[in-house]
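Convention: sequence-line order gives letters A, B, ...; per-chain numbering from 1.
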Amino acid sequence: MAAPGMAAAGERVSESGVSGSSASGGSYNPPSHTAANIISQHGNLEAGTESGETAKIAGRLMLRRVQGKVAFGTLQDSTGRIQVFAPAQSTPSFEEFCECSIGDWLEVEGEIMTTRRGELSVRVDRWQLLASTRHPFPDKWHGLADTDTRYRRRYLDLWVTEETRATFNLRSKLSSHIRRWLEDRGYQEVETPILHAIAGGAHAKPFVTHHEALDCDLYLRVAPELYLKRLVVGGMERVFEMGRVFRNEGLSPRHNPEFTLLELYAAYSDYTHMMMLSQELIQHLARTLVGSEQLIYNGRELNLGGDWCRVSMLDVIAEGIQEHLSLETPRDRLVELAQKYDIETQDWWGPGKLICEIYEKTCEADIWEPTFVVDYPSEVSPLAMECPDKPGWTQRFELIIAGREVANAFSELVDPGEQRSRFEAQNANREHGDVEAMLIDEDYLRALEYGMPPTGGLGIGIDRLVALLADCQSLRDVLLFPTLRPED
RNA sequence: GCCCCUCUAGCUCAAUUGGCAGAGCAACGGACUCUUAAUCCGCAGGUUCUGGGUUCGAGUCCCAGGGGGGGUACCA
């Protein structure tokens, strides 16, 4: 039964897109059923029978088969597709119903029944055009093939590409499972500033903007790290933030200038705890969202089960290039190796930076099974605590899966004096021309001076994790609206 | 940034060696009372991404530019 004042069944919505229901003050009774509801409740209704139950459904008309005095339509909503059955005899404004375009939004109300051929359907006892499409829909069989159109008109892609819907449904569930899982373990979600006076927390070039009233430049955050750690100083023992960060760098199938980063910090913890936590979280997500810890990624088996391998960066390099390196390896030899692998070295790079570059260039992409690469040089880890027994190396790991860095974590550097000298080293790099080097953040140092307990921190690239679980090769396929050059 | 590939009707795609730009779907007109990408008949649809050039003749070859994709660099 339509709401009072609602457009009469079959009445076409006016060109402005406002339906007759506006006279009633905009009240609208939502559908009683979804396509999935009807299928799950009446999926085994025998052919040629009526259920005696009435449903109101809404969605877009995706297919249409008019056959003289009877018409069939396929209505799609967020849960799937269901046929609507319209015999001329009983369908109000039958001719107008037949004129609906593929892509039009319809509301259909009627008895749930099956056709003689056994197709579960909603009979069109009442119907209403909710919104019409003024652009023809893509080919009903081939859909959209042009990636440009798919990315630019995601509102269309979502209707015609099943995989797109599946990927973004998975992504939504992933976010919500992460939140629940962390909250169950005592982590508290927070929101920290996106506009930073000093863009810190990662080695990256920030986007710059300007605040008029304060007349100062501000930067879009490259990481929430320094604010989250201030919160640990403030007594929030377990915090996380899952939000967008911005890095002014190139686009690629594995990079987008804005991406979603989960960062979490736990007081009284260290990087070994973060290994367990990231492993358990990702395994939980795989089981819940994919149904298994054994994935197929890019046509290749990927096993996320069991305890993940831990191997030091130097051991990875030793296996990869058959040469044992250390911070004591003569600089000339490191430079020679780096150049052998087409790395453009800089004079001011120390041994730690050279070793890390060699690792990333020669080894990282070849690591397939989940692997914690541990022990990163202090030189490239200005916010991580040094290993007590290995000067020059930090208690840090990166989690590599399918050749991609999925997580980065360390035992946080909590000593303000040490942190200041690390910042100063970064500053020296900046003077050498490293525009991505971190700036000295005096307030962050002051926070550390108030005292920060031993803390473990973890960052997970959410887009990459979704790509892994959804078997997508490009980040653009897991971003609803990937960054593209503006049209025209 | 650089390198390679690509762009034809609203959508998906053809077009032989450089020789009249075509089909299916969608749209439009018609037939059809159980279809499943309905079917059948008919009709219409084009700045071949843009601008130059070579040629009797360019969708096709050449140059420049634009969009997109992939690779590479930077990075997560």
Once you round it to whole Å, what is the distance between [atom2] of [N] and [atom1] of [X]?
X	N	atom1	atom2	answer
A:Arg485	B:C49	CZ	C1'	15 Å
A:Asp477	B:G68	CG	P	15 Å
A:Leu75	B:U36	CG	C1'	15 Å
A:His142	B:G24	NE2	C1'	8 Å
A:Ile367	B:A76	CD1	P	15 Å

How is [X] classified with respect to the nucleic acid when contacts are heavy atoms under 4.0 Å: base, sugar-phosphate, or nothing?
X	value
A:Leu144	sugar-phosphate
A:Gly48	nothing
A:Arg150	nothing
A:Glu405	sugar-phosphate
A:Asp148	sugar-phosphate
A:Thr115	base
A:Val160	nothing
A:Asn256	base

Distance between the [atom1] atoms of [N] and [M], in whole angstroms?
N	M	atom1	result
B:U16	B:C61	P	11 Å
B:G24	B:G19	C1'	26 Å
B:A44	B:G10	C1'	14 Å
B:C11	B:C20	C1'	26 Å
B:G65	B:C7	C1'	14 Å
B:G29	B:G45	C1'	15 Å
B:G22	B:G59	C1'	12 Å
B:C49	B:C56	P	25 Å

- Message: Once hydrogens and angles are ignored, does a donor-acceptor distance under 3.5 Å link the base of B:U33 to the side chain of A:Gln67?
- Response: no
- Item | Base B:G68 paired with A:Asp146 side chain (donor-acceptor, <3.5 Å) | no
[X] side chain to [Y] main-chain N or O, any donor-acceptor pair under 3.5 Å?
X	Y	answer
A:Asp125	A:Glu111	yes
A:Arg60	A:Gly103	yes
A:Arg254	A:Leu475	no
A:Arg396	A:Met385	no
A:Ser175	A:Arg171	yes
A:Arg430	A:Glu436	no
A:Gln426	A:Met438	yes
A:Ser121	A:Glu119	yes

- Query: Do we see A:Phe259 stacking on the base of B:A76, given a limit of 5.5 Å between centres and 30° between planes?
  - Reply: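 Yes, the aromatic ring of A:Phe259 stacks with the base.
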Looking only at side-chain N and O atoms, does [X] come under 4.0 Å of OP1 or OP2 in [N]?
X	N	result
A:Arg64	B:A27	yes
A:Arg152	B:G68	yes
A:Lys140	B:A38	yes
A:Arg464	B:A76	no

Given [options], which nucleotide is nearest the side-chain atoms of [X]?
X	options	result
A:Ala145	B:G67, B:C13, B:A38	B:C13
A:Val70	B:G68, B:U12, B:C34	B:C34
A:Pro138	B:U36, B:C11, B:A27	B:C11
A:Arg116	B:U36, B:A26, B:C34	B:C34
A:Leu475	B:C32, B:A76, B:G67	B:A76

- Task: Measure from NZ or CZ of A:Arg230 to the centre of the six-membered ring of A:Tyr227, then state whether that distance is under 6.0 Å and the direction lies within 45° of the axis.
- Result: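 Output yes; distance and angle both within limits.
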- With pairs defined as Watson-Crick or G-U wobble and both distances under 3.5 angstrom, please note down RNA chain B as a dot-bracket string, | for pairing with another strand. (((((((..((((.....[..))))..((((.......))))......(((((..]....))))))))))))....
- Message: Counting only heavy atoms not in A:Arg153 (residues, nucleotides, ligands), do more than 12 fall under 6.0 Å from its CZ?
- Response: no
- Message: Is it true that A:Asp434 and A:His203 share a donor-acceptor pair across their side chains at a distance under 3.5 Å?
- Response: yes
- Task: Please figure out whether A:Ala407 or A:Arg153 has its closest RNA chain B nucleotide nearer the 5' end.
- Result: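 On the 5' side of the pair lies A:Arg153.
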- Item | First encountered from the 5' end of RNA chain B, between A:Pro87 and A:Gly118 | A:Pro87
Contact list (N/O, under 3.5 angstrom) for nucleotides 70-74 of chain B vs protein:
unit_1: B:A73; atom_1: OP1; unit_2: A:Lys361; atom_2: NZ; d: 2.1
unit_1: B:C74; atom_1: O2'; unit_2: A:Glu436; atom_2: OE2; d: 3.4

- Query: For A:Arg152, which residues count as a salt bridge (Lys or Arg N to Asp or Glu O under 4.0 Å) partner, sequence neighbours excluded?
  - Reply: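 In terms of salt bridge (Lys or Arg N to Asp or Glu O under 4.0 Å), with neighbours along the sequence ignored, A:Arg152 is linked to A:Asp148.
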